[in-house]
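Notes follow the structure.
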Amino acid sequence: MKVRQSKEEDIRDIIEIYAFARQFMKEQGNPTQWGEGYPSKHLIEEDILSNHSFVVEEDGKIVGTFAFITGEDPTYQIIEKGAWRSSEIYGTIHRIASNGQVKGLSHKVFDYCYRQIPYLRIDTHEDNKPMQAVITSYGFTECGIIYVADGSPRLAYDYYR
């Protein structure tokens with residue numbers, strides 16, 4: 001698998017991957033983390049323009065996508081029921097999704113992000129048990145609860161060696 005920055009011509013594939021991921025989450029008992037149409041085409045376009053959007057390819061085909069942002073994330077400024085383990089500059093992984101056709105995609109994404117910056121943060125919905133398992137299996141530590149833009153809580157994790 002290969003990670004690269006997304007391009008405008010990848011938008012259709014990215015939208016399809018997010019549609020697959022939303023359906024998978026519903027089937028796994030997590031119907032509310034991403035509402036219908038999230039992330040929007042507009043948000044994907046913004047991520048691409050700001051160089052925050054990435055795709056994962058296998059044999060030249062896009063099989064996954066994620067957003068990766070280095071620096072302060074406003075969503076992570078306040079954490080409840082815990083604390084971040086470091087105040088260093090960090091990279092945040094958002095909206096990671098796959099088309100379900102490859103194994104190990106999340107760990108490939110985490111490896112890629114860790115090579116960019118050695119302190120990572122990520123969050124997920126309390127009902128997203130598959131993502132929680134992937135996050136902790138990589139070695140992330142649960143740090144507390146953060147709140148996303150719509151005010152809903154998320155389990156927050158960091159990876160710091």
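All values derive from a computational prediction rather than experimental measurement. Just the heavy atoms: all of them, side chains too, but no hydrogens, waters or symmetry mates, feed the values below.
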Listed partners of D73 passing side-chain contact (heavy atoms from CB on, under 4.5 Å), at least two apart: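 Only T75, Y76, Y90, T92, H94 meet the side-chain contact (heavy atoms from CB on, under 4.5 Å) criterion with D73.
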
So do [Y] and [X] actually touch side chain to side chain, heavy atoms under 4.5 Å?
{"X": "I62", "Y": "D10", "answer": "yes"}
{"X": "V56", "Y": "F54", "answer": "no"}
{"X": "I44", "Y": "I15", "answer": "yes"}
{"X": "T141", "Y": "Y157", "answer": "no"}
{"X": "I145", "Y": "L155", "answer": "yes"}
{"X": "V55", "Y": "V3", "answer": "no"}

Acceptor/donor pairs from residues 114-122 side chains to any protein atom, 3.5 angstrom cut, sequence neighbours excluded:
unit_1 : atom_1 : unit_2 : atom_2 : d
Q116   : NE2    : Y112   : O      : 3.1
Y119   : OH     : S86    : N      : 3.4
Y119   : OH     : S86    : O      : 3.2
Y119   : OH     : R121   : NE     : 3.2
Y119   : OH     : R121   : NH2    : 3.3
Y119   : OH     : D158   : OD2    : 2.7
R121   : NH2    : S86    : O      : 3.0

Distance-only donor-acceptor check, side chains E88 and Y160, under 3.5 Å: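 A pair is found: one side chain offers a donor N or O, the other an acceptor, under 3.5 Å apart.
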
Under 3.5 Å side-chain donor-acceptor pair for S137 and H107: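 Note: S137 and H107 side chains meet the donor-acceptor criterion.
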
Can you tell me if [X] uses its side chain to pair, donor with acceptor, with the backbone of [Y] under 3.5 Å?
{"X": "Q132", "Y": "E126", "answer": "yes"}
{"X": "R85", "Y": "C143", "answer": "no"}
{"X": "S53", "Y": "I48", "answer": "no"}
{"X": "E45", "Y": "S40", "answer": "no"}
{"X": "K108", "Y": "K2", "answer": "no"}

Mutual orientation of the aromatic rings belonging to F24 and F20 [parallel < 30°, tilted 30-60°, perpendicular > 60°]: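 F24 and F20: parallel rings.
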
Worked verdict on F110 versus Y159 for ring-ring contact (aromatic ring centres under 6.0 Å, His included): CA-CA 9 Å; F110 300 157; Y159 185 79; 8.1 Å; no

Pair E58 + K103, salt bridge at N-O below 4.0 Å: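 Salt bridge between E58 and K103, a charged N being under 4.0 Å from a carboxylate O: no.
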
Salt bridge present between R12 and E16 (N-O < 4.0 angstrom):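 A salt bridge links R12 with E16.
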
Worked check of salt bridge (charged side-chain N to carboxylate O under 4.0 Å, His left out) between K61 and D13: CA-CA 9 Å; K61 182 179 182 216; D13 290 333; over 6 Å; no

More than 12 heavy atoms from other groups under 6.0 Å of CD on E27: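 Buried by this count: over 12 neighbours within 6.0 Å.
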
